[in-house]
Amino acid sequence: VPYFLKIKSQRMKKILFIIVIFCLGHVSAQEPNTKRTITQVNNTTQVNNSGSVSVFNDKEIEGNRFLFPNWQNQGQIYYKGAVRSVDNINFDISTNEFSQMKKQDSIFVFDNSKIDSVKVNNRLLKRNNTGKFSEILSEGKKLNLIKSYDVEIIEGMYSPVYGKQKSYRYKIVTSYYAVRNGIPRKVYLNKKNFTDLFGSETSVMEKYIEDNKLSYKDES
């Protein structure tokens, strides 16, 4: 499956340049494999420091499908017991890939099969047994709490106020899971659902939360 480097001119309308970039090279112990990057007509994206605008089937999609709002991020990639520090890294939620911005209009895509986990700005993302990366919020001896990310495309509706069709847009959707003995269970940030995770210690946790004036809706 090819990965797409997507470029769109700011002033030229409906003119798409097909650029083929092969990121093939020797794989050293310091860097995971790359995969070739190409563009396709009618499926382009401008990737920049503030986000991205995509075009798919002649429909413009606004917003950001990356986890971090810009590319000024420091990261460490862990793979096969080694670690490599990288800058300008981001996570494409829609493709489940980590990328590094090399230039204003080009990105380097890392081979996920070589990656165990990645820490970006001290936020840890690990690959599960399905191959999907999720953020680790808390790791314990019995229970882990993780945050999963997905992207939805919201269809642009006609606006009678402006008299035109609104653009399609990306929407990042988050879900929380508690993982016990490798089995994930979806949880919601409310009192009953969250404290039920602690079984016989539920009352202890409720008292702790109350004494410390914590909010069940506050992720931190």
Any chance you could measure [X], atom [atom1], to [Y], atom [atom2], to the nearest 0.5 Å?
X    : Y    : atom1 : atom2 : result
L125 : D116 : CG    : CG    : 13.5 Å
I61  : Y168 : CD1   : OH    : 8.5 Å
N90  : M101 : CG    : CE    : 8.5 Å

Query raised in the report: Considering residues at least two apart in sequence or located in another chain, which fulfil the side chain to side chain contact (heavy atoms under 4.5 Å, CB included) criterion with V86?
Result: I77, R84, I89, Q100, F110
With sequence neighbours left out, what residues match [X] under side-chain hydrogen bond (donor to acceptor under 3.5 Å, both in side chains)?
X    : answer
N128 : T130
N73  : N121
S94  : R65, D92

Query raised in the report: For I115 and V118, what are the C-alpha separation, side-chain angles and deciding distance, and is it a side chain to side chain contact (heavy atoms under 4.5 Å, CB included)?
Result: CA-CA 8 Å; I115 297 175; V118 178; 3.5 Å; yes
**Report entry** Under the salt bridge (Lys or Arg N to Asp or Glu O under 4.0 Å) test, residues paired with D211 that sit two or more places apart
**Finding:** K207
Query raised in the report: Can you name the salt bridge (Lys or Arg N to Asp or Glu O under 4.0 Å) partners of E219, sequence neighbours left out?
Result: K147
**Report entry** Remaining members of the apolar cluster that contains I136, side-chain heavy atoms under 4.5 Å
**Finding:** L124, I146, Y177, V179
Query raised in the report: How does the hydrophobic cluster around F194 look, that is, which other residues are in it when side-chain heavy atoms under 4.5 Å mark a link?
Result: L137, L143, L145, Y176, V187, L189, L197, F198, M205, Y208, I209, L214, Y216
Query raised in the report: Which atom pair, heavy atoms only, marks the closest approach of Q76 to V83?
Result: CB-CG2, 3.9 Å
Report summary line: Smallest heavy-atom separation, D218 atom then S220 atom, equals OD1-OG, 2.8 Å
Query raised in the report: Can the positive tip of K114 be found less than 6.0 Å from the middle of the six-membered ring of Y79, inside 45° of the ring normal?
Result: no
Query raised in the report: Hey, which of D87, V120, N122, N88 is the one that makes side-chain contact (heavy atoms from CB on, under 4.5 Å) with Q74?
Result: D87
Report task. Among residues two or more places apart or on two chains, list those pairs meeting ring pair (Phe, Tyr, Trp, His ring centres under 6.0 Å) that have a residue in residues 112-156. Result -> F98-F133
Query raised in the report: Only one of W71, F91, Y170 clears ring-ring contact (aromatic ring centres under 6.0 Å, His included) with F66; which?
Result: W71
Query raised in the report: Which residue pairs pass the salt bridge (Lys or Arg N to Asp or Glu O under 4.0 Å) test with at least one member in residues 174-187, sequence neighbours excluded?
Result: none
Requested in this report: With sequence neighbours excluded, give me every salt bridge (Lys or Arg N to Asp or Glu O under 4.0 Å) pair touching residues 130-145.
Outcome: R123-E135, K126-E139, K132-D150
Query raised in the report: Within a strict 4.5 Å, meaning less than it, do heavy atoms of the V173 and V151 side chains meet?
Result: no
Requested in this report: Sorted by first residue and then second, give each side-chain hydrogen bond (donor to acceptor under 3.5 Å, both in side chains) pair with at least one member in residues 190-200; sequence neighbours left out.
Outcome: K192-D196
